[in-house]
Amino acid sequence: MSPKSKIIAKGFNQLQQHTELLDLLERFRYCKASDPRDKIYALLRLASDVNPGDVNIDYTLPVQQLYKDIVKLLLSKHQTLDILGAIIQQKSKLQSLLPSWVPDWSFSTIYVDERSFARKLATKEDPENSVSKAYFTSGDTVVSTDKLSDTDSLVLRGFLFDTLRDLYEPAIGFEIDSSAFNKAQQQNTAIQEWDEASLGFAAFVDPYADTCGRKEAFWRTLVADMIGDGRATDEARAEEMFNVWSGRAGAPELASSFTEPFVTAVLRASHNRRFCITSKGYMALAPAEAVQGDLVCVLLGGQTPFILRPTRGNFHLVGACYVHGIMFGEAMEELRAGKYEMQDFILE
């Protein structure tokens, strides 16, 4: 059996467990369908969180309306923004017709089991939930369902945390190589540019000065603070792997095997994402489509912060992001201390 066939077989075996619609949609996003509605309809009977009558199978319904209805269904059922993390920017005809907050399920991804940013990092399976939470940026808050409507706009409650100031070229998978043990070998890669930028940033107030320092903040950002099956709690080992991989320390025997867990984590978190530094000096991983001046917002019900772009008086959703230092409710503490003001964000 080929590796791809094994993954597919494993996926179908897991369907016998508690599997929610979003997990199914992401798990089989690579599949093709002659009718894009079947990217939804074919999975409904398998989804543990969809009841009979929740979705009417109607092939006269416009595809974009069906995809919008699915977003609002999952928002109302789970009161989390996990579905918005499934946004993948693609230049497709259908996506140009969809609001920015609606994933385009019609196109097929390259990789089997392609999950959204936060969900692919939450690798521990929970018997009661398809995917455990990776982060708790908005604490235990939930989405306000009374703001859901039948329009093309989605109103979400939250606050502006920061803006993107410096952005660097996205990392490409083949450049992140466990055999690249020194800076000379990586001098032309995006990661090397990120490394230099992270330590060379000058700010009046360094958000990491009294906590982890910028070096640790950088390597934790590279892996989105996740190595293996959970958070990078073995700080000493993780930093040693980073030092060897980046050329800061001599390579031990079998260095490739030694650094493999760290490099795998970098690939999983950083591939095709931009390293960014915010106006306040925070380090972030943002979608490749992010640009200078985009807003870093904390939205109620969100595992992660989100990148929003002001447009015509409202906002365009660019996607989910990682911002080191606010992924576990730190910004919510500052909100309660009166540092930020809540507002409605109208997404188009």
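Remember, it's a predicted structure, so these values are computed and weren't measured experimentally.
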Min side-chain heavy-atom separation Pro287-Arg273 under 4.5 Å
yes

Of all heavy-atom pairs between Leu285 and Leu222, which one has the smallest distance, and what is that distance?
CD1-O, 4.2 Å

4.5 Å side-chain heavy-atom contact, Val102 and Asp152
no

Is Val50 reachable from Ile57 through a run of hydrophobic residues whose side-chain heavy atoms are each under 4.5 Å from the next?
yes

Using the rule given for side chain to side chain donor-acceptor pair (under 3.5 Å), can you reason through Thr311 versus Arg309, listing the C-alpha separation, both sets of side-chain angles and the distance that settles it, and then say yes or no?
CA-CA 6 Å; Thr311 175; Arg309 185 174 300 155; over 6 Å; no

Test item: Tyr59 and Leu66 side chains (from C-beta on) under 4.5 Å apart, heavy atoms
no

Give a yes or no answer on whether the side chain of Trp245 reaches the backbone of Glu260 with a donor-acceptor pair at less than 3.5 Å.
no

So do Phe159 and Lys339 actually touch side chain to side chain, heavy atoms under 4.5 Å?
no

Out of curiosity, does Leu61 fall in the hydrophobic cluster containing Ile70 (side-chain heavy atoms, cut-off under 4.5 Å, transitive links)?
yes

Parallel, tilted or perpendicular: which describes the rings of Phe275 and Tyr168, with under 30° parallel and over 60° perpendicular?
tilted

Any side-chain heavy atom of Val296 sitting closer than 4.5 Å to one from Leu164?
yes

Show every ring-ring contact (aromatic ring centres under 6.0 Å, His included) that has at least one partner inside residues 293-316, sequence neighbours left out.
Phe315-Phe345

With rounding to the nearest 0.5 Å, note down the distance linking CG in Asp58 to CD in Gln65.
10.5 Å

With side-chain contact (heavy atoms from CB on, under 4.5 Å) as the criterion, how do Lys77 and Glu20 come out once you've worked through the C-alpha distance, each side chain's angles and the decisive distance to 0.1 Å?
CA-CA 11 Å; Lys77 275 185 172 290; Glu20 296 174 352; over 6 Å; no

Taking CZ in Arg45 as the centre, count heavy atoms belonging to other residues, nucleotides or ligands within less than 6.0 Å. Is the count above 12?
no

Where is the tightest heavy-atom contact between Ile87 and Val318, given as atom of each residue plus distance?
CG2-O, 4.4 Å

Ser138 side chain to Leu300 main-chain N or O, any donor-acceptor pair under 3.5 Å?
no

How far apart are the closest heavy atoms of Tyr67 and Trp105, and which atoms are they?
CE2-N, 3.4 Å

So, does Ser270 use its side chain to make a donor-acceptor pair with the main chain of Leu267 at under 3.5 Å?
no

Taking Thr304 for the side chain and Tyr322 for the main chain, is one N or O donor matched with an acceptor at less than 3.5 Å?
no

Sub-3.5 Å donor-acceptor pair from the side chain of Tyr208 to the main-chain atoms of Met283, do we have one?
yes

The reported gap from CZ in Phe107 to CZ in Arg29 (rounded to nearest 0.5 angstrom) is 4.5 Å

In sequence, state the C-alpha distance, the side-chain angles, and the governing distance for Arg214 and His324, and then conclude on side-chain contact (heavy atoms from CB on, under 4.5 Å).
CA-CA 10 Å; Arg214 296 195 73 78; His324 189 71; over 6 Å; no

Counting only N and O atoms by type, is there a donor-acceptor contact under 3.5 Å from the side chain of Asp49 to the main-chain atoms of Leu21?
yes

Each residue besides Ile346 in its hydrophobic cluster should be listed here, by chain and number; the cluster joins Ile, Leu, Val, Met, Phe, Trp and Tyr at side-chain heavy-atom distances under 4.5 Å.
Val155

Are the side chain of Arg157 and the backbone of Gly301 linked by a donor-acceptor contact shorter than 3.5 Å?
no

Geometric cation-pi criterion, Lys215 with Phe242: 6.0 Å, 45°:
no

For Thr141 and Met332, what are the C-alpha separation, side-chain angles and deciding distance, and is it a side-chain contact (heavy atoms from CB on, under 4.5 Å)?
CA-CA 10 Å; Thr141 62; Met332 295 300 294; 3.7 Å; yes

Residue pair Leu25 / Leu43, side-chain heavy-atom distance below 4.5 Å:
yes

Over all atoms of both residues, closest heavy-atom pair of Trp101 and Leu347
NE1-O, 3.4 Å

Could you check whether the rings of Phe136 and Phe328 sit parallel, tilted or perpendicular, using 30° and 60° as the cut-offs?
tilted

Identify the heavy atoms of Phe161 and Glu334 that sit nearest to each other, and give their distance.
CE1-OE1, 3.9 Å

Is the shortest distance from a Lys or Arg side-chain nitrogen in Asp294 or Arg274 to a carboxylate oxygen in the other one below 4.0 Å?
no

In terms of heavy-atom contacts, Lys39 and Phe28 come closest through CE-O, 4.1 Å

Interatomic spacing from CD in Gln303 to CG in Leu81 - rounded to 0.5 Å:
9.5 Å

Hey, is the main chain of Arg165 close enough, under 3.5 Å, to the side chain of Ser279 for a donor-acceptor pair?
no

Report the distance from atom OG1 of Thr151 to atom NZ of Lys68, rounding to the nearest 0.5 Å.
8.0 Å

Around atom CG of Asn51, are there more than 12 heavy atoms from other residues, nucleotides or ligands closer than 6.0 Å?
yes

CZ (Arg237) and CD1 (Ile227) are apart, to the nearest 0.5 Å, by 9.5 Å

With rounding to the nearest 0.5 angstrom, report the CE to OG1 distance, Met241 to Thr259.
8.0 Å

Is it possible for you to say whether Leu97 and Val63 belong to one hydrophobic cluster, with membership spreading through side-chain heavy-atom contacts below 4.5 Å?
no

Keeping Asp162 on the side-chain end and Lys280 on the backbone end, is there a donor-acceptor pair under 3.5 Å?
yes

Decide side-chain contact (heavy atoms from CB on, under 4.5 Å) for Leu154 and Leu317; before the verdict, give the C-alpha distance in whole Å, the side-chain angles of both, and the deciding distance to 0.1 Å.
CA-CA 10 Å; Leu154 177 66; Leu317 174 63; over 6 Å; no

Are more than 12 heavy atoms from other residues, nucleotides or ligands located less than 6.0 Å from atom CG of Asp344?
yes

Thr264 side-chain N/O to Pro261 backbone N/O, donor-acceptor pair under 3.5 Å:
no

